[in-house]
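Only one structure is covered here, and it is reproduced in the block below.
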Amino acid sequence: MTDSATHLESPSFSSTWHTMRPYLPGLLIVFLVGMASWQLGRVMPRPGSVTLAILLGILVGNLLPNIAPYASGIRVVEKRLLPLSIALLGVELQLVMLLDLGLLAALVIVLGVATSLLASLYLGRLLGYPLKFSLLIGAGTGICGSSAIAATSGAIDADGDDIGISISVVNLLGTAGIFTLPAIVTLLNLSEVDGGMLIGGTLQAVGQVVAAGFSMNDTVGSVATVVKMGRVLMLAPVVIALASMMRSGNMENGKKLNPVRVPLFIIGFFIFSILASLSFMPDPAIGGIKTTGKFLLVLAMAGIGMRIQLQTLFRSGPKALAFGLGVSAVQVAVVLLVVLLT
């Protein structure tokens, strides 16, 4: 009976092992880098474990002689743990804070996205870039990085090379922004709410916003994440509008739009926020979820850092980087002006 049970279970175990085996090297090295960052963050509150995870990840990823054996595991960490960590960090957000942000948050979101798109169109034409490439840079900078570029590319039928270059440029500038935006907040002595508005209203990817915001403190991180979620929610209407614009110019030939959906982690983020705000969960549970979310975020940032290959990013060329930097600078200037004047 025992032999039979073992015989029945072993194929399943073998299949699971063969499925997981390619991911294990990457998962292990990300865990080690993440744990080192988590422990260092306890003794180095600034820059904190999240920022340290990115820096150590970049260091390890670029020092490895061959990143290929680890790539699949690293990609799983980024794609699975990052959305989960952001959803869990919803317990940081009290709904009262969301109501307090009100009109200011709406202004930052709408003007930030609009400025990015308009600046990309103007600067792109000035530098001689095609319209579709300019739209990819504008959408990636204004909304949510690589995800926005992917969604926009499908709607406007962008060229594969343009997609790759725009993702590289936006990721490089966003990674730099993780360090420069908190420095600007500190230099200008902005309040926690204003600092969160600036970070959430300008940084490209959700993970970058979370990393930069929570590297300062929980309040800045919460405000930044809420504003960023608002920008992400602009993805569907903006992509549909851009696709319609391309069609009206007879450049899309009536191609069917790819569906654009609200990411599940945004829904999860607000569900956890509601549960925490309405006291549906005891304080120990909230504390445990918060700690788990931050630890998963550290692991995700370690994975993201390890995937940043500096040679590949700089291969995009100084002109493309200057284009993306110009769009980002205009966006930061406009959002900062809105924050300071309201």
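The figures that follow rest on heavy atoms only: side chains count, while hydrogens, waters and symmetry mates do not. Treat the numbers as computed from the prediction; the structure is a model and nothing was measured.
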Listed pairs under 3.5 Å, donor-acceptor, residues 327-340 side chains, sequence neighbours left out:
residue: Ser328; atom: OG; partner: Gln204; partner atom: NE2; Å: 3.4
residue: Ser328; atom: OG; partner: Gly324; partner atom: O; Å: 3.1
residue: Gln331; atom: NE2; partner: Thr141; partner atom: O; Å: 3.4

As an exercise, state the distance from [atom1] of [X] to [atom2] of [Y], rounded to the nearest 0.5 Å.
| X | Y | atom1 | atom2 | answer |
| --- | --- | --- | --- | --- |
| Leu172 | Leu321 | CG | CG | 5.5 Å |
| Leu131 | Leu121 | CG | CG | 6.5 Å |
| Ser134 | Leu126 | OG | CG | 10.5 Å |
| Ser49 | Phe214 | OG | CZ | 11.5 Å |
| Phe31 | Leu24 | CZ | CG | 13.5 Å |
| Leu107 | Leu341 | CG | CG | 11.0 Å |

* To do: Walk me through it: do Val238 and Leu117 pass the test side chain to side chain contact (heavy atoms under 4.5 Å, CB included)?
  => CA-CA 10 Å; Val238 168; Leu117 290 169; 3.9 Å; yes
Identify all side-chain donor-acceptor contacts of residues 293-302 below 3.5 Å with residues at least two apart in sequence or on another chain.
residue: Lys294; atom: NZ; partner: Asp218; partner atom: OD1; Å: 2.7
residue: Lys294; atom: NZ; partner: Asp218; partner atom: OD2; Å: 3.3

* Can you name the one residue among Ile67, Val60, Val77 that meets side-chain contact (heavy atoms from CB on, under 4.5 Å) with Ile29? ->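 Going through Ile67, Val60, Val77 one by one, the side-chain contact (heavy atoms from CB on, under 4.5 Å) with Ile29 is satisfied by Val60 alone.
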* Qualifying residue, where the test is side-chain contact (heavy atoms from CB on, under 4.5 Å) with Val33 and the options are Leu59, Ile74, Leu56 -> Leu56
Counting only N and O atoms by type, is there a donor-acceptor contact under 3.5 Å from the side chain of [X] to the main-chain atoms of [Y]?
| X | Y | answer |
| --- | --- | --- |
| Lys228 | Thr202 | no |
| Thr115 | Gly112 | no |
| Asp194 | Leu190 | no |

Minimal non-hydrogen separation, [X] against [Y], with atom names:
| X | Y | answer |
| --- | --- | --- |
| Ile143 | Arg231 | CG2-O, 3.2 Å |
| Val220 | Gly195 | CG1-C, 4.2 Å |
| Met197 | Val108 | O-CG1, 3.9 Å |
| Ser116 | Gly142 | OG-N, 3.1 Å |
| Ile199 | Ala212 | CG2-CB, 3.9 Å |
| Leu203 | Gln208 | CD1-O, 3.5 Å |

Has [X] got more than 12 heavy atoms of other residues, nucleotides or ligands less than 6.0 Å from its [atom1]?
| X | atom1 | value |
| --- | --- | --- |
| Asp283 | CG | no |
| Phe179 | CZ | yes |
| Tyr70 | OH | no |

Side chains of [X] and [Y] in contact at under 4.5 Å (non-hydrogen atoms):
| X | Y | answer |
| --- | --- | --- |
| Val223 | Glu192 | no |
| Leu81 | Val30 | no |
| Leu136 | Val170 | no |
| Tyr129 | Ile137 | no |

* Between Met306 and Asn62, does a side chain to side chain contact (heavy atoms under 4.5 Å, CB included) hold up when you go through it step by step? -> CA-CA 7 Å; Met306 291 184 67; Asn62 283 270; over 6 Å; no
Is there a path from [X] to [Y] through hydrophobic residues (I, L, V, M, F, W, Y) whose side chains come within less than 4.5 Å of each other?
| X | Y | result |
| --- | --- | --- |
| Val210 | Leu84 | yes |
| Tyr122 | Val169 | yes |
| Leu111 | Met234 | yes |
| Leu118 | Leu325 | no |
| Leu198 | Leu187 | no |

* **For Lys290, side chain to side chain donor-acceptor pair (under 3.5 Å) partners two or more places apart** => none
